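Everything below concerns the one structure shown next.
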Amino acid sequence: MMTTSATMQSYLATPAVTRLATGSRSRAVNQFLPSTYVPRLPRNATVRVRSMAKVSTKFSDVFAFSGPAPERINGRIAMVGFVAAMAVELYRGQDVFAQISNGGIPWFLGTTVVLSLASLIPLFKGVSVESKSEGFMTSDAEMWNGRFAMLGLVALAFTEYMKGGTLV
């Protein structure tokens, strides 16, 4: 599956002239070059090698400032929190502060515990996050989504505080 995806992406990313030179089934015609011209272009293939290397399982390494746990766990909690806050706001019409004051703290604590344990168990077993990311769902994409969710949750709370009511 991944090979097919990589082949299609490299096929679509190469110009028609390169496809002619490599003997692809698609016979695209370039109007600016004679039909006998066949360039010898090097193939620009990128190979990603994923390592299944084990990472440190020491508590101080996992929870270090630049370690794998802090930002990833906070990002996951923020992603769930942002979606939940928007869903409750649309369904009940309550802003973030009303959601927290009307019984949101036990839900927040329960979700935090579950996501933290689900994130920490593989890390303490020595499995790196990068070794499990492939295709569209990469560890970098998760980090950026978590960062945007953290910013979105803060922006949502700040906007609702300044506005004095719900955003939607």
Side-chain angles (χ1 to χ4, degrees), residues 1-15 44-168:
M1 178 95 171
M2 190 168 176
T3 306
T4 305
S5 175
T7 303
M8 289 181 66
Q9 288 175 358
S10 65
Y11 178 79
L12 294 174
T14 57
N44 295 330
T46 58
V47 178
R48 290 181 71 185
V49 178
R50 291 187 303 136
S51 171
M52 292 297 286
K54 298 236 179 205
V55 294
S56 175
T57 58
K58 288 177 38 181
F59 186 83
S60 60
D61 291 340
V62 170
F63 282 101
F65 183 73
S66 62
E71 186 176 5
R72 191 162 312 278
I73 292 172
N74 288 332
R76 289 174 181 173
I77 293 168
M79 286 186 268
V80 171
F82 182 77
V83 171
M86 290 302 295
V88 171
E89 185 171 317
L90 288 171
Y91 183 70
R92 291 188 182 166
Q94 295 178 335
D95 63 355
V96 174
F97 301 108
Q99 293 174 30
I100 292 170
S101 64
N102 292 336
I105 292 186
W107 283 102
F108 169 74
L109 293 175
T111 304
T112 301
V113 168
V114 168
L115 285 176
S116 297
L117 288 175
S119 300
L120 289 174
I121 290 172
L123 292 175
F124 282 124
K125 286 184 175 182
V127 178
S128 71
V129 177
E130 288 78 17
S131 70
K132 296 295 182 182
S133 66
E134 62 183 48
F136 186 68
M137 302 297 239
T138 63
S139 62
D140 288 336
E142 181 188 17
M143 291 294 280
W144 280 106
N145 287 337
R147 290 171 182 163
F148 287 130
M150 288 184 247
L151 289 173
L153 199 54
V154 170
L156 177 67
F158 180 74
T159 303
E160 289 178 350
Y161 176 75
M162 294 302 288
K163 188 178 174 185
T166 62
L167 181 66
V168 181

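These numbers come from a predicted model, not from an experiment.
- Atom CD in E160 sits 6.5 Å away from atom OG1 in T166 (nearest 0.5 Å).
- In terms of modelled atom types and a separation under 3.5 Å, the side chain of Q99 and the main chain of V88 share no donor-acceptor contact.
- Pairs engaging residues 73-83 under the side chain to side chain donor-acceptor pair (under 3.5 Å) rule: R76-S119, R76-E142 [sequence neighbours left out].
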**Q.** From CA spacing to verdict: side chain to side chain contact (heavy atoms under 4.5 Å, CB included), D95, Y161
**A.** CA-CA 9 Å; D95 63 355; Y161 176 75; over 6 Å; no

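- Crowding of L151 atom CG: a count of heavy atoms from other residues, nucleotides or ligands under 6.0 Å exceeding 12.
- No side-chain heavy atom of R72 sits under 4.5 Å from any side-chain heavy atom of L123.
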Q | Step-by-step side chain to side chain contact (heavy atoms under 4.5 Å, CB included) determination, L156 to E89 | A | CA-CA 11 Å; L156 177 67; E89 185 171 317; 4.1 Å; yes

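- In this structure, CE on M86 lies 10.5 Å from CG on L153, to the nearest 0.5 angstrom.
- The OG1 atom of T112 sits 3.5 Å away from the CZ atom of F108 when rounded to the nearest 0.5 Å.
- Of all heavy-atom pairs spanning A85 and V96, the tightest one is CB-CG2, 4.3 Å.
- Closest approach of G146 and A78 over heavy atoms only: O-CB, 4.2 Å.
- Other residues, nucleotides and ligands contribute more than 12 heavy atoms inside 6.0 Å of the CZ atom of F97.
- Applying the side-chain contact (heavy atoms from CB on, under 4.5 Å) criterion to D61, with sequence neighbours excluded, gives S56, K58.
- Side chains of I105 and L109 form a contact here, defined as non-hydrogen atoms less than 4.5 Å apart.
- Under the side-chain contact (heavy atoms from CB on, under 4.5 Å) criterion, F63 pairs with F59, A69, L120, F124, not counting sequence neighbours.
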